[in-house]
Amino acid sequence: VDLAALEASARERLSEATYSYIAGGADDELTLADNVAAWSRYRLRPHVLRDVSTVDLTTSLLGTPMSSPIQVAPTAYHRLVHPDGEAATAKAAAAAGSVFTLSTVSTVSIEDVAKAVPEGRHWFQLYVHSDRDLTIWLVQRAEAAGFSALVLTVDTPVIGRRRRDGATGFSLPPGIEPANLIGFREGRTESTNLVDFAATAFDPSLTVDAIGWLREHTRLPIVVKGVLRGDDAAACVAAGASAVQVSNHGGRQLDGVLATADALAEVAAAVGDRAEVYVDGGIRRGSDVLRALALGARSVFVGRPVLWGLANNGADGARAVLTDLAAETARAFQLAGVRSCAEAGSDLVS
Ligand code: GLV
C-alpha cells in the first residue's frame, strides 16, 4: 500500500470538507507536517550479521499479546468515509491482531462495535467531561461491552482552531451522528458539532486529579493520551496511569508543539518501567515503527492512514494498511538486524 496514493484516492471519494477535516491540523499546520518529517530526522544505525531469517513482531499491551506493535488510534466519525464506519475499522484491527481504539465521538456506538466484532480487542477513548455523569455513563457502557482499557485524552481543554473546517464549513451530514452521545438525557441530544460539543462538554478545569477520580470509577486500566513532556508523564503515572501515549492529537490542538518523535525519548526516560509508553503521530513507514520502538515506545498508534484505507475499501482497506505496515516493519527489523521488539534498543537511532 502506497499511503500517499491511498490518501489521494480517498480524497477523490470524499467531499472536500470531509477530506480536510481528517487531513487538516490546527492553525498553520506546522506540527501536522513536523509529525511526519521528524521521524526521518532520526538516522538508523543497523546491525549486520545477525541471523534475521525470522523476525518476531509480537508484543503485549497491558498484559495482552498482540500481533505487532501497530495499533489503531482513536479518530472521530468513521461513517463520514464509509457506511460501515467504526464496525469496519474494528474488524480490520481484529483481523490484523491490533488494538482498536474507539473514539468517544464515533458514529457506531460502543455496544454496536462490540456486537459487530466480538473477537476484537477494543479500547475506549474518553474525555473527562464537565458533566461527570456523562463521563461515568460512557465508562460503564465501555466496561459492560467488554472494552479492555480507557484512553483518556488530556490535550483538549478546549478544541484547537482548525482553519480548514472554517473555510469548508465542515459539519456532519444528516444521518451521521456521534452514536455514543445519543440518549444520555431524555429529550436532549448532545451537540453533533465537535466545536459546540467541545465548548459545552470538555472541562478546561481538569487537573491530574482527574486520573485518580477516573480510577475510582473504573476497573479498566487507564492510558493517558496527549502527553509531550517527561514531567507530565511522571505525574500521570504517579496518579495511576497504566500507560502514557505521547501524542499531539495529530497536530490538531496547539500548533507549534514538538513532533511526537522528538518528545518520545524524554517521556520514556521519565516513565521508565513503571508504565507502558506509546506514541502516535506521523508514523507512515515500517522504519518509523522501528524508530519509535528504539526511542522508547512499546507500541505505535496509526490514525489517518487507517481512515484512508477505510475510505477506499472498507474493512479490507483498513486492514491492508495495518498488515502492510507490519510487513514493512518486519523488513525494517531484518535490514536493521533486529529480531524482536525487545531488541529494538536506543542504540539503533541517532
Ligand atoms: C477530534 O478529537 C478531532 O481531533 O477532530
Side-chain angles (χ1 to χ4, degrees), residues 10 14-33 35-36 72-81 85-86 89 100-108 110 123-130 134-135 138 142 150-173 176-181 190-204 206 223-228 245-257 259-260 279-283 301-308 310-311:
L14 302 173
S15 72
E16 188 55 25
T18 291
Y19 169 76
S20 299
Y21 166 67
I22 296 166
D27 293 314
D28 300 311
E29 302 189 337
L30 302 173
T31 299
L32 177 74
N35 267 354
V36 176
V72 178
T75 50
Y77 308 139
H78 292 197
R79 289 189 60 235
L80 277 177
V81 308
E86 288 82 358
T89 329
F100 174 65
T101 316
L102 182 73
S103 166
T104 278
V105 286
S106 62
T107 49
V108 177
I110 294 168
W123 293 2
F124 184 66
Q125 177 273 329
L126 181 78
Y127 299 99
V128 170
H129 298 277
S130 330
L134 170 63
T135 315
L138 292 167
L150 297 175
V151 179
L152 176 66
T153 300
V154 294
D155 57 14
T156 315
V158 296
I159 199 93
R161 190 174 55 142
R162 290 94 185 256
R163 292 157 56 116
R164 294 202 215 191
D165 293 349
T168 63
F170 171 75
S171 66
L172 288 182
I176 297 190
E177 297 178 314
N180 296 323
L181 304 174
E190 307 303 319
S191 174
T192 61
N193 170 314
L194 189 65
V195 173
D196 294 343
F197 177 64
T200 57
F202 291 4
D203 184 354
L206 226 54
V223 179
V224 179
K225 170 175 171 284
V227 176
L228 292 169
Q245 188 155 327
V246 175
S247 173
N248 52 36
H249 211 116
R252 297 162 78 83
Q253 287 298 105
L254 178 61
D255 195 29
V257 302
T260 51
V279 67
D280 68 62
I283 297 273
F301 284 71
V302 181
R304 291 182 182 88
V306 173
L307 288 179
W308 305 142
L310 181 69

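Just follow the structure's listing: the first ligand is 1, and inside any ligand the first atom is 1.
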Pairing residues for Arg304 by the salt bridge (Lys or Arg N to Asp or Glu O under 4.0 Å) criterion, not counting sequence neighbours: none
Neighbouring protein residues of ligand 1 - any heavy atom closer than 4.0 Å: Tyr21, Tyr127, Arg162, Leu194, His249, Arg252
Flag, side chain of Ser15 to backbone of Thr18, donor-acceptor distance under 3.5 Å: yes
Sequence-distant partners of Asp27, salt bridge (Lys or Arg N to Asp or Glu O under 4.0 Å), two or more places apart: Arg161
Test side chain to side chain contact (heavy atoms under 4.5 Å, CB included) applied to Ser106 - qualifying residues, sequence neighbours left out: Glu86, Leu102, Asn180
Face-on cation placement of Arg162 at Phe170 ring, 6.0 Å and 45° thresholds: no
Residue pair His129 / Thr135, side-chain donor-acceptor N/O under 3.5 Å: no
